[in-house]
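As structure tokens, the structure follows; a few thoughts come after it.
None of these values were measured; they are calculated from a predicted model. What's counted below: heavy atoms across the whole structure, side chains too, no hydrogens, waters or symmetry copies.
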Amino acid sequence: MNPNVATQSKALIEDFKWRGLFSQSTDEAALIQSLAKPTTLYIGFDPTAPSLHVGNLVVLLALRRFQLAGHIPIALVGGATGLIGDPSGKSEERSLNTTDVVAAWVDRIRVQVSKYLDFNAKDNAAIVANNLDWTSPLSAIEFLRDVGKHFSVNQMLSKDSVSSRLEAGGISYTEFSYQVLQSFDFLELYRRYNCTLQLGGSDQWGNITAGLDLIRRIESGSGHALTIPLLAKADGSKFGKTAGGAIWLDPEMTSPYAFFQYWLNTDDKDVINFLKVFSFKSREEIEALEKSHAENPGAREAHRALARELTSLVHSADICERVEAAARALFGQGELSELDEATLASALAELPRTTVKNGEPIPTWVDLLAATGVVDSKSAARRIVKEGGAYLNNEKISGEDFAPSKSDFLCGKYAVLRKGKRDLAAVELL
RNA sequence: GGCGGGUUGCCCGAGCGGCCAAUGGGAGGGGACUGUAAAUCCCCCGGCUCUGCCUUCGAAGGUUCAAAUCCUUCACCCGCCA
């Protein structure tokens with residue numbers, strides 16, 4: 001057993017509070033006491049997309065924090081619950097995904113989640129579970145008799161996730177049942193692994209406490225709930241979303257370059273909070289960054305630290321270095337034409353691109369812009385040009401009919417297209 | 001099963017036979033100012049072979065010179081009744 005666990009338990013909770021990761025918990029003193037020895041805890045992730053996104057990272061990293069503190073983390077992938085749909089935090093009924101789709105997503109998410117946990121830890125190796133394993137063998141009759149009997153509809157109706165939906169227009173029996181399934185998960189994990197703590201976003205409180213009730217009723221056992229506030233941005237907009245949609249952890253869905261840029265462009269007002277929530281830096285380190293940020297916000301040291309740590313964690317240190325070097329080259333004060341070919345090539349490798357065959361006529365740059373995907377359509381490309389927001393090799397050029405000539409290709413090979421301040425793309429002459 | 005309401009562009013939401021690519025708000029985008037930040041101001045925001053043309057208002061048919069707007073059927077959502 002990790003000898004530090006006992007002394008760490010109070011510090012762990014204090015650290016969560018300081019980081020803004022503590023929304024509410026069941027009896028806090030009792031929780032701290034139970035954490036004095038290695039505790040098995042879990043968080044569930046429902047497969048609602050082919051990848052997790054940065055929003056999921058908040059709780060996933062919280063699970064990691066617990067493991068680092070000596071506890072045993074279970075990442076539960078919701079192969080069953082993902083088929084049902086959690087009404088928590090949703091204002092309307094969701095359409096169901098097919099079982100094939102959900103199964104495929106489960107596989108991908110299991111792999112993703114595993115990346116943040118340690119499965120080789122000596123005393124507290126992580127566990128990944130899928131709630132389909134214990135849900136699918138259960139017959140409807142068994143479920144209703146053995147599990148359903150312990151639930152009072154009155155109580156179920158009073159849960160926020162249900163009552164708000166009743167007011168907002170309605171809820172299906174399917175989604176209404178979600179809390180029962182999640183409770184059953186907690187019960188099963190309690191039985192199988194003596195899992196006594198469930199973490200979740202603050203909208204999960206009702207589901208988690210329902211599970212605790214079930215454990216008490218059936219097994220006369222006790223456990224704890226700890227919820228984490230939903231991450232809010234200073235300007236009120238939704239965290240983790242951009243024009244292009246969510247910021248995904250999957251590099252195929254959000255390129256590491258875009259991922260790094262997302263963090264680098266964090267609002268000043270949010271950056272310290274984000275460091276607390278996402279970073280594994282110590283309080284001292286973060287406070288030092290806070291100080292330097294306050295003194296010279298333009299240097300964006302805190303932003304850079306945030307972007308680096310997360311890109312390294314989610315992708316890799318190597319990839320992080322590459323995309324950062326690319327950004328440095330492309331955003332640098334220096335002339336693009338002064339970059340050597342190798343630097344240029346590796347920087348551009350991180351960007352969306354299109355190619356032109358040597359010898360063939362070079363299309364107008366409206367066509368090129370559209371082809372790289374930095375704009376959605378040729379109309380959009382025209383619009384940008386008209387508005388003076390299009391650049392070739394960092395030079396603003398107007399005129400929709402403009403077509404780059406060979407001499408515009410740096411090192412004879414590459415042209416850098418830019419939309420607005422920071423949306424870059426490459427054209428490669430083959 | 002019956003009765004009633006609904007389905008409009010990324011989201012919310014007007015329009016209720018021609019003046020509709022469709023009012024307004026939000027989100028988003030560009031410019032200026034800056035620090036690849038925020039705030040602010042100006043502009044834009046279906047597509048294309050772009051002074052015009054094409055495709056959109058849940059789906060498919062129909063009425064009409066003309067439909068997002070009227071009719072029919074279908075799908076989905078919501079409410080109420082038993």
Side-chain angles (χ1 to χ4, degrees), chain A residues 85 87 90-96 164-176 233-247 257-275 289-290 292-308 311 323-334 336 347 350-351 363-367 369-392 394-401 403 416-425:
Chain A
K90 296 276 181 298
S91 58
E92 54 184 37
E93 190 81 14
R94 291 196 266 182
S95 50
L96 297 172
S164 62
R165 279 280 295 276
L166 287 175
E167 282 161 33
I171 183 167
S172 66
Y173 182 66
T174 304
E175 288 195 11
F176 177 58
K233 290 212 304 189
D235 64 3
S237 63
K238 225 176 170 141
F239 168 76
K241 300 274 184 200
T242 63
I247 302 296
Y257 176 83
F259 188 86
F260 185 93
Q261 291 293 316
Y262 176 77
W263 297 105
L264 188 66
N265 286 315
T266 299
D267 189 326
D268 280 12
K269 295 198 285 290
D270 288 320
V271 70
I272 299 302
N273 267 344
F274 284 9
L275 276 168
L289 284 167
E290 187 169 12
S292 73
H293 173 66
E295 281 164 3
N296 185 6
R300 293 189 304 162
E301 262 184 61
H303 295 76
R304 220 171 292 280
L306 178 68
R308 272 188 199 141
T311 309
V323 298
E324 197 182 353
R328 213 170 19 239
L330 298 167
F331 280 108
Q333 291 73 14
L336 279 177
E350 311 300 333
L351 301 178
T364 65
W365 72 326
V366 163
D367 289 339
L369 276 165
T372 61
V374 284
V375 291
D376 292 330
S377 66
K378 286 186 195 176
S379 296
R382 270 200 190 90
R383 223 176 279 135
I384 293 300
V385 172
K386 203 180 304 169
E387 292 171 341
Y391 307 75
L392 173 69
N394 282 348
E395 304 239 3
K396 185 183 286 194
I397 294 184
S398 52
E400 297 176 22
D401 303 328
V416 181
L417 296 178
R418 179 153 67 94
K419 183 202 82 171
K421 264 180 249 186
R422 48 196 184 197
D423 229 346
L424 295 155

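Partners of Lys269(A) under the side-chain contact (heavy atoms from CB on, under 4.5 Å) rule, at least two apart in sequence or in another chain, are Ala234(A), Asp267(A). In this structure Asp423(A) satisfies the salt bridge (charged side-chain N to carboxylate O under 4.0 Å, His left out) test together with Lys419(A), sequence neighbours excluded. When the salt bridge (charged side-chain N to carboxylate O under 4.0 Å, His left out) test is applied to Glu295(A), the partners found at least two apart in sequence or on another chain are Lys291(A). Arg308(A) is linked by a side chain to side chain donor-acceptor pair (under 3.5 Å) to Glu324(A), counting only residues two or more places apart in sequence or in another chain. Among residues two or more places apart in sequence or in another chain, the side-chain contact (heavy atoms from CB on, under 4.5 Å) test is passed with Thr364(A) by Val366(A), Asp367(A). Residues passing the salt bridge (charged side-chain N to carboxylate O under 4.0 Å, His left out) test with Glu301(A): none are found, sequence neighbours excluded. By the side chain to side chain donor-acceptor pair (under 3.5 Å) test, Asp268(A) pairs with His303(A), sequence neighbours left out. Shown here are the salt bridge (charged side-chain N to carboxylate O under 4.0 Å, His left out) partners of Asp376(A), two or more places apart in sequence or in another chain: there are none.
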All N/O pairs under 3.5 Å across the protein-nucleotides 50-53 of chain B interface:
{"from": "rC50(B)", "atom 1": "N4", "to": "Ser379(A)", "atom 2": "OG", "distance (Å)": "3.4"}
{"from": "rC50(B)", "atom 1": "N4", "to": "Arg382(A)", "atom 2": "NH1", "distance (Å)": "2.0"}

Close N/O contacts between protein and nucleotides 7-9 of chain B (under 3.5 Å):
none

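Residue Arg383(A) has its side chain nearest to rC44(B) when only rC48(B), rC44(B), rG35(B) are considered.
For the pair Asp367(A) and Asp267(A), nearest-nucleotide mapping onto RNA chain B gives the more 5' position to Asp267(A).
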Pairs under 3.5 Å (Watson-Crick or G-U), crossing ones as [ ], inter-strand ones as |: RNA chain B comes out as ((((((((.[[[..)..(.....]]].(((((.......))))).(((...)))...[[[[[..)....]]]]]))))))).
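Separating the CZ atom in Arg300(A) from the OG1 atom in Thr266(A) is a distance of 10.0 Å, to the nearest 0.5 Å.
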Distance-only donor-acceptor hits, side chain of residues 381-388 of chain A, under 3.5 Å, sequence neighbours excluded:
{"from": "Arg382(A)", "atom 1": "NE", "to": "Glu400(A)", "atom 2": "OE1", "distance (Å)": "3.1"}

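Using a 4.0 Å heavy-atom criterion, one finds that Arg300(A) contacts the bases of the nucleic acid, with or without backbone contacts as well.
Remark: Tyr391(A) is in phosphate contact with rG31(B), judged by side-chain N or O atoms under 4.0 Å from OP1 or OP2.
Between the side chain of Asp423(A) and the base of rG29(B) there is no donor-acceptor pair of N/O atoms closer than 3.5 Å.
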